[in-house]
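Note sheet for the following structure.
Values reported hereafter were calculated over all heavy atoms of this structure, with side chains retained and with hydrogens, waters and symmetry mates removed. Per chain, numbering begins at 1; letters A, B, ... match sequence-line order.
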Amino acid sequence: MPELPEVETICRYLRDGTSTTPSLLGLVIKSAQVLWQRSLATPSVDEFYRRLPGQVITKISRRGKFILFSLTRDSLLIHLRMSGDLLVEPADTLPALHHRILIFFQNGKRLAFNDARKFGRVWLVDDPEQVTGGLGPEPLAANFTAEDLYQRLQETHRQLKPLLLDQSFLAGLGNIYVDESLNLARLHPLENSALITELQAVRLWESIRQVLTEAILRNGASIDWVYRGGDFQNYFRAYDRAGQPCIACGTPIQRIKVGQRGTHFCPNCQKRA
DNA sequence: CACGAGACCTGTTCGC
DNA sequence: TGCGAACAGGTCTCGT
């Protein structure tokens with residue numbers, strides 16, 4: 001599921017709760033269970049079990065694609081990678097097939113980290129910066145300006161698509177939202193970042209923020225078998241629309257491979273300089 | 001420095 | 001219908 005809008009949606013679900021699920025804020029951790037060792041990045045399973053009990057969830061936030069639980073003493077970070085998901089459920093039910101790590105609370109609920117492909121990771125650290133320290137700016141934050149983006153594009157000579165996927169350049173975009181942002185900004189995915197004009201950089205900045213804001217409003221995108229109620233997939237302009245007409249000009253959307261990733265763009269609207 | 005390929009994994013969809 | 005190939009929202013590491 002997981003790019004910035006989907007992670008933000010899950011984050012809100014955990015923090016605000018729903019009519020049937022309580023918020024996790026303020027809950028006291030009773031115990032934990034690691035069902036697949038490699039899903040736990042750090043510390044060891046033993047230390048994980050030792051440190052968690054008794055800690056309270058005091059804050060739930062997001063940084064890039066990481067979900068950050070601030071606990072009494074430590075920070076618990078989760079990255080969902082390709083197929084991860086987080087669910088709040090009764091503590092006494094049988095763990096589902098792809099559940100990898102469970103955290104039990106004193107109120108009879110548990111948080112389940114479900115991850116079919118086992119790419120996701122969980123960290124328990126005393127300083128979250130140990131995990132998120134290398135991330136680039138947060139695209140929706142007030143301190144991320146178009147001027148910033150322009151400057152940083154000038155500092156390197158890389159193709160736009162792989163550059164925007166690089167989390168140390170900008171945090172939170174993934175394959176869907178890079179394609180969507182570049183299409184809205186009318187920029188070719190292979191364009192050299194150093195050739196981007198200031199005007200184009202402003203357009204890219206606006207596009208990224210518009211696409212992410214709209215996607216969050218629609219609770220993210222739900223595709224394939226992972227479904228969480230988001231419906232932004234019905235508003236894609238480029239992603240997964242190969243052969244279908246461009247929203248702006250009607251030209252069929254083209255699909256190419258860039259760095260092993262499927263890349264969708266309009267050959268008419270998104271031309272290289 | 002910039003890029004491509006391979007690895008890590010399981011499940012679904014596509015093509016013959 | 002069956003079966004292998006290709007593909008999937010991510011990121012790391014290695015070789016050129």
| request: Assign each of A:Trp36 and A:Glu155 to its nearest nucleotide of DNA chain B by heavy atoms, then name whichever residue's nucleotide is nearer the 5' end. | output: A:Glu155
| said: With rounding to the nearest 0.5 angstrom, report the CG to CZ distance, A:Leu164 to A:Phe169. | reply: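 Here the rounded value is 6.0 Å.
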| note | The reported gap from CG in A:Asn183 to OH in A:Tyr239 (rounded to nearest 0.5 angstrom) is 14.5 Å
Is any NZ, NE, NH1 or NH2 atom of the basic residue among [X] and [Y] found under 4.0 Å from an Asp or Glu carboxylate oxygen of the other?
X	Y	result
A:Arg51	A:Asp74	yes
A:Glu214	A:Arg218	no
A:Arg110	A:Glu89	yes
A:Arg237	A:Glu180	no
A:Lys161	A:Glu191	no

Nearest whole angstrom, please: distance from the [atom2] of [N] to the [atom1] of [X].
X	N	atom1	atom2	result
A:Arg81	B:dC9	CZ	C1'	12 Å
A:Leu135	C:dG10	CG	C1'	13 Å
A:Glu6	C:dA8	CD	P	16 Å
A:Trp123	C:dT11	CH2	P	9 Å
A:His99	B:dT10	NE2	C1'	15 Å
A:Leu80	B:dC9	CG	P	17 Å
A:Lys257	B:dG6	NZ	C1'	14 Å
A:Arg261	B:dA5	CZ	P	14 Å

Categorize [X] for me: base, sugar-phosphate, or nothing, with a 4.0 angstrom heavy-atom threshold over every strand shown.
X	result
A:Arg38	sugar-phosphate
A:Gln159	sugar-phosphate
A:Tyr177	nothing
A:Lys161	nothing
A:Arg255	sugar-phosphate

Would you say [X] reaches [N]'s phosphate, i.e. side-chain N/O to OP1/OP2 under 4.0 Å?
X	N	answer
A:His98	B:dC9	no
A:Gln260	B:dG4	no
A:Lys65	C:dT11	yes
A:Lys118	B:dC8	no

| task | Check the geometry between A:Phe119 and B:dC8 and answer yes if their rings are stacked (centres below 5.5 Å, planes below 30°), otherwise no. | result | yes
| query | Where does the angle between the aromatic ring planes of A:Phe144 and A:Trp205 fall among parallel (under 30°), tilted (30 to 60°) and perpendicular (over 60°)? | reply | tilted
State which of [options] makes the closest approach to the side chain of [X].
X	options	value
A:Arg117	B:dG11, B:dG6, C:dA8	C:dA8
A:Gln167	C:dA8, C:dG10, C:dT11	C:dT11
A:Thr156	B:dT10, B:dA2, C:dA8	B:dA2

| remark: In DNA chain B, stems of three or more consecutive pairs, Watson-Crick or G-U, each with both distances under 3.5 Å, turn out to be B:2-8 with C:10-16, B:10-16 with C:2-8
| query | Expressed in whole Å, how much space separates the P atoms belonging to C:dA5 and B:dG6? | reply |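 Per the computed distance, 15 Å lies between those P atoms.
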| request: For C:dA6 versus B:dA5, give the span between their P atoms, rounded off to a whole number of Å. | output: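 These two P atoms come out 14 Å apart once rounded.
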| query | Do A:Arg63 and A:Lys65 have side chains that get closer than 4.5 Å, going by heavy atoms? | reply |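 The answer is no, as the side chains (C-beta and beyond) never meet within the 4.5 Å cut-off.
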